[in-house]
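Worksheet: the structure to be examined is printed underneath.
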There are 2 protein chains.
Amino acid sequence: MSDETAAFCCPDHSGAAPAEAILAAAEDKARARGLRLTPVRRRTLEILLQAHGALGAYDVLERLAAEGFGTQPPVAYRALNFLVENGLAHRIRRLNAFTACTHPGHDHRAAFLICETCERVTEAAAPDLSKALGAAAAQAGFTVERVTVEAVGRCRACTQARA
Amino acid sequence: MSDETAAFCCPDHSGAAPAEAILAAAEDKARARGLRLTPVRRRTLEILLQAHGALGAYDVLERLAAEGFGTQPPVAYRALNFLVENGLAHRIRRLNAFTACTHPGHDHRAAFLICETCERVTEAAAPDLSKALGAAAAQAGFTVERVTVEAVGRCRACTQARA
DNA sequence: GCCTTGACTGTTATTATATAACATATCATA
DNA sequence: TATGATATGTTATATAATAACAGTCAAGGC
């Protein structure tokens, strides 16, 4: 898990490199799987990558519309759903919002750490977690397909700022 | 955790006793903490307890309205939020719905198992789970306040029915 | 070449979920 | 019983999401 840890930090978005790397990885993934990463979809992913926090569908729509894409909700929802279904983005239910996947390389069960103060969302790899849930569910005879884990709290930067 | 296991099953709602027991426990809890379990609030909890799956706020509202309580959304939302804040109910974000807490006795971090087929929601005690998340979060310097864990899959009954 | 097919994009219209703001009523207690 | 805090109810509105349908466009069969 040591290389997971790198993608784990509360991102400060100080460098452009990571976003570009992620975008490139997304394109590889799309090519490999025969997905069509069309202009709207690609741009939607870029918008999410550039955003500091998670973005609501209507925020994304506003940006897309300003750039000449469609102006109506389904435009944003379709692109976002495509990204989510193909593991390029995640939906944060607690915020009714979406965020780019920060490690699109491997399929994964991620947990999300939502900072109450700065509203940024960090994607944490937590393999033990799905193991623990799997065990609990198995006891109940429940077969798990997908899991959502969302933690609300305070990120390192905000904790320090307050101290 | 052996006594947790009992409250863990996919509830078949075959007996009235559990619901009554939970309601009684809720009243104890309210009394002990000086909460006001008013008629709307109490009735809202009953409605959730009688429901088979989780209920949307507007479903609850419909029932409340039919019984002479207020007819507008805030009536339901306020009662539901009261119950959630005081650990007597849970909000299931994936479903935009609410469910009665099935073990209101102890404060707990619960995980929810949502059956895709029958849409019922089971509350699973999963202490290891919050431990695992806590560890992952700590690594990122993140302080966790509250966690939501929701698993989508298939419950025992529905798995068997399909077999 | 051209036509069919299916996936994608866009639209209008509508539905679903949730909250703000304010008036009235009720309770706890001084 | 007057008073402040809490609760209930209302109207109005904000926010989030989807249904249904029309036009576009590229890929493959003929």
Which atom pairs, donor and acceptor, lie under 3.5 Å between side-chain atoms of residues 58-70 of chain B and protein residues at least two apart or in another chain?
from    : atom 1 : to      : atom 2 : distance (Å)
B/Asp59 : OD2    : B/Gly56 : N      : 3.1
B/Arg63 : NH1    : B/Asp59 : O      : 3.4
B/Glu67 : OE1    : B/Arg43 : NE     : 2.6
B/Glu67 : OE2    : B/Arg43 : NE     : 3.3
B/Glu67 : OE2    : B/Arg43 : NH2    : 3.1

Result for 5'-nearest mapping on DNA chain D, choosing between B/Asn96 and B/Gly68, is B/Gly68
Quick check: does any side chain N or O of A/Arg154 sit under 3.5 Å from a backbone N or O of A/Thr117, one acting as donor and the other as acceptor? no
Under 3.5 Å, which donor-acceptor pairs do the side chains of residues 73-84 of chain A form with other protein atoms, sequence neighbours left out?
from    : atom 1 : to      : atom 2 : distance (Å)
A/Asn81 : ND2    : A/Tyr77 : O      : 3.1

Judged by atom type as modelled, is there a donor-acceptor pair below 3.5 Å linking the side chain of B/Glu119 to the main-chain atoms of B/Gly53? no
Taking the side chain of B/Arg41 as its heavy atoms from C-beta onward, which of D/dT8, C/dT9, D/dA16 lies nearest to it? D/dT8
Rounded distance (Å) that lies between atom P of C/dA7 and atom CG of A/Asn86: 14 Å
Under the side chain to side chain contact (heavy atoms under 4.5 Å, CB included) rule, what do A/Phe112 and A/Glu123 come out as? Steps first, then yes or no, please. CA-CA 5 Å; A/Phe112 298 95; A/Glu123 187 177 344; 3.6 Å; yes
Please report the distance, rounded to the nearest Å, between CZ in A/Arg94 and P in D/dA16. 15 Å
Measure from CG on B/Leu95 to C1' on C/dA16 and round the result to the nearest Å. 14 Å
Using a heavy-atom distance cut-off of less than 4.0 Å, which residues of residues 54-61 of chain A contact DNA chain C? none
Could you check B/Leu133 against B/Val149 for side chain to side chain contact (heavy atoms under 4.5 Å, CB included), going step by step and ending with a plain yes or no? CA-CA 10 Å; B/Leu133 179 64; B/Val149 180; 6.0 Å; no
Charged N to carboxylate O below 4.0 Å: is that the case for B/Arg94 and A/Glu150? no
Atom CG of A/Leu64 to atom P of C/dG10: distance rounded to whole Å? 9 Å
Are any protein N/O atoms closer than 3.5 Å to N/O atoms in nucleotides 10-14 of chain D? If there are, list each pair with its distance.
from   : atom 1 : to      : atom 2 : distance (Å)
D/dT10 : OP2    : B/Thr71 : N      : 2.8

Reading 5' to 3' through nucleotides 24-30 of chain C, protein heavy-atom contacts under 4.0 Å coded B for base, S for sugar-phosphate only, - for none: ---S---
State, yes or no, whether a side-chain contact exists between B/Leu129 and A/Leu129 at a heavy-atom distance under 4.5 Å. yes
Between A/Thr148 and B/Thr148, is there a side-chain heavy-atom distance shorter than 4.5 Å? no
In whole angstroms, the gap separating P of C/dA20 from CG of B/Asn81 amounts to 11 Å
Pick out which of A/Leu37, A/Leu49, A/Leu88 makes a side chain to side chain contact (heavy atoms under 4.5 Å, CB included) with A/Leu23. A/Leu49
Residues passing the salt bridge (charged side-chain N to carboxylate O under 4.0 Å, His left out) test with A/Glu145, sequence neighbours excluded, are none
Please work out if A/Arg93 contacts a base, only the sugar-phosphate, or nothing of the nucleic acid, heavy-atom cut-off 4.0 Å. nothing
Would one find a side-chain N or O of B/Tyr77 under 4.0 angstrom from OP1 or OP2 of C/dT19? no
Between CZ of A/Phe98 and P of D/dA16 the distance, given in whole Å, is 10 Å
Between atom CD in A/Glu67 and atom P in C/dG10, what is the gap in whole Å? 12 Å
